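Heads up: the structure comes next, in structure tokens.
All values derive from a computational prediction rather than experimental measurement. First the proteins, then the strands, lettered A, B, ... as listed; each starts at 1.
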Amino acid sequence: MNCRSEVLEVTVEARQVEEAMLALLHTVLLHRSTGKFHYKKEGTYSIGTVGTLDIDCDFIDFTFVRVSSEELDRMIRKAVNEFKDALSNSGSDGMGQISLEFYQKKKSRWPFSDECIPWEVWSIKVNVVNLANEQERQICLEKVGEKLGEKVINVVEVINRHEYLPKMPTQSEVDNVFDTSLKDVQPYLYKISYQITDTLGTSVSTTMRRLIKDTLAL
Amino acid sequence: MDGDLSLQDKKDLDKFIKFFALKTVQVIVQARLGEKIFTRSSSSPTGSDWFNLAIKDIPEVTHEAKKALAGQLPGIGRSMCVEISLKTSEGDSMELETWCLEMNEKCDKDIKVSYTVYNRLSVLLKSLLAITRVTPAYKLSRKQGHDYVILYRIYFGEVQLTGLGEGFQSVRVGVVGTPVGTVTLSCAYRTNLAFMSSRQFQRSAPITGIIVDHFVDPPFNSQRPPTMGHPCNYRAPDDEEGGPFPGVQDSQEVCTTSFSTSPPSQVSERPLAPPPLLLLSFIPVTLSFFSFPMLMLYPVKEGGVASSPAPPAPGADAHLADPAPNTPCSRYYPPPPPRLLHVACLSRSLTPADPLEFLNTFTRKVGAFVNKPNAQVCYMTLELLLFSLVHPPDSPPCPSPLQASLHSESSEGSGQQEDFVMVDFRPAFSKDDLLPMDLGTFYREFQNPPQLASLSLNISSQSMAEDLDSLPEKLRIYEKNIDEFDAFVDMLQ
């Protein structure tokens, strides 16, 4: 099975990076999260309810919908803030890419560790620009909002192709497919990583790979 | 086709499509209420949340949707449409978008109804949640209030898109294949919102007394034309009164969200308590600009020194009623100078070759939209151009095309030279909620500053003579302290 890969590209001001990333990552996670599974005796299961929440951006003329889960939001914000800090430390005209990868675990026999097989990767390429005056910023505020709207439509279009999704797991295998650590919702297993490039487009020593979940841990 | 589908699957599929249609309507209407939506996640299934999504049910909306469906289901050739339109306080209305739930003939016979179709419908609803915040009508709906409201209308049958004007755009939310056809959800939205002189609005009875947070009954009575929609923001009847819409208690079917793991087997049902009635109140949002290519003119106020008018207090609907002669409202008054008009062109891509002609095109419509300076609006240089058309108070009245075009009634008489007709002056970047009109007051006060005293001939010649007389004395002092000055210069180096 080949991993499905989608790339989104945005050009934003430095102060808009956080909200733009949150908007897109949360839009994807909204579609890739379900309610908590409750398994029953007969081998059936029921699913909890996913709530939603509108978020108005402060630096972009845009509103997005995210899953109503503070835990999930905290984790995404943490990753986005790390990416944002890395971008700002790299220089004022930095470029970077943040990736949201959905994977499933495949159990391996001892002494080998579980294998993580990605099945969908969303990469968001960010190009940070500096604007000269308030008028340009005002224009950027609305333009970025429109662009994000287009990206949301792109995300929805891809997701509604209904291509490969991991099979619904049994109770013993649910942790290989879903992140069951959250108490209110259950997203597919995911990890977020990022890369920073400088204005020359070269991969520099500041390239880092941070994992929200340590999939290599034994 | 239906013969391949088991009776249970057919029954489930019909139920899924029915509740999907009802939830679709709820999501669309709630997204146009004008406020942010929040629902909680619940780890335990409640049995009443269809498609595992927390979507509240507004009873009136459900009632209207069921009335439109009239016992039928969206099917091939039978589409369910939700039309969103805008209606101004002057009675003009305009369709903004039409959401269509359709079904085509493409079938997916192998798909599992109670499992895959259900989950995909759930994903499609999530997509609808996301897309409803992206289309242009969302921003409009967030800013609705006492000058315009957003209405919805549900109809069943053939899709009607002619009211969206030329150049409307479409976005497909998603599709779900089923054994009886493919469910498609899409939206067609208007792109051209300019108020042109040859407009396509329908005149109807103006909205009166429409402060939306004080409604008990819906603002539109049952005698309204069937083409007029329902407002998206009114207070639902109190639960204790029962209301005209007793809610879904009498017809709500529980949703069974019990699934089997491997392989997907028959869903087991268990009766659950019907969901409680949900009472929703809609909080109106104060007005602001919306980002469409549009030119807006501010209403002219009569009499007195222009000061920032307080926003209409709740219940103060006089400005929306038929205006008394001296009531500040969207009327034109004969323009003795000075006359300040604040025009904001919201389209940054619009660079008219002749600004005055451009303005004239839009001068028929005034007062439909109230400016809120702290909105995220980009003012064009047209604003500065317009200020340049304003004449100072003591200059003779000079008719300009702009002023001429603003005459909608005969003049009140020639003895108006001393009466200043001041418009609601709202300078850019000033906020209403902080020291209202502080910037505006400053601007007005210093617009005609007195001449500098030093520029007057008498004073300037007098001061020059004094300067010349004091020069020798000053030179003596400087020569005396020359060592001190040299030491200071050395210190700086």
(message) Please tell me whether A/H38 and B/S44 have a donor and an acceptor in their side chains that are separated by less than 3.5 angstrom.
(response) no
(request) Kindly indicate whether the side chain of B/R133, heavy atoms from C-beta on, has any atom under 4.5 Å from the side chain of A/F62. (result) no
(message) I want to check something: taking the side chain as every heavy atom from C-beta on, are A/D54 and B/E35 in contact at a cut-off of under 4.5 Å?
(response) no
(request) Report yes or no: do B/N52 and A/T49 form a side-chain donor-acceptor pair below 3.5 Å? (result) no
(request) May I ask you to test the A/F64-B/V134 pair for a side-chain heavy-atom distance under 4.5 Å? (result) no
(message) Between A/V185 and chain B, with a heavy-atom cut-off of 4.5 Å, which part of the residue counts as in contact: side chain, backbone, both or neither?
(response) side chain
(request) Measure B/V123 against the heavy atoms of chain A and call it side chain, backbone, both or neither at under 4.5 Å. (result) both
(message) Check B/R40 with A/D184, please: is the shortest side-chain N to carboxylate O separation under 4.0 Å?
(response) no
(message) Using side-chain heavy atoms (C-beta onward) and a distance below 4.5 Å, is A/D61 in contact with B/K139?
(response) yes
(request) Apply side-chain hydrogen bond (donor to acceptor under 3.5 Å, both in side chains) to A/R137 and list each qualifying residue two or more places apart in sequence or on a separate chain. (result) A/E13
(request) For chain B, find which of A/L30, A/L182, A/V50 contributes the most heavy-atom pairs closer than 4.5 angstrom. (result) A/V50
(message) Treating A/H31 as the side-chain partner and B/L124 as the backbone partner, does any N or O pair qualify as donor plus acceptor under 3.5 Å?
(response) no
(request) State whether the side chain of B/K126 and the backbone N or O of A/V156 hold a donor-acceptor pair below 3.5 Å, judged by distance alone. (result) no
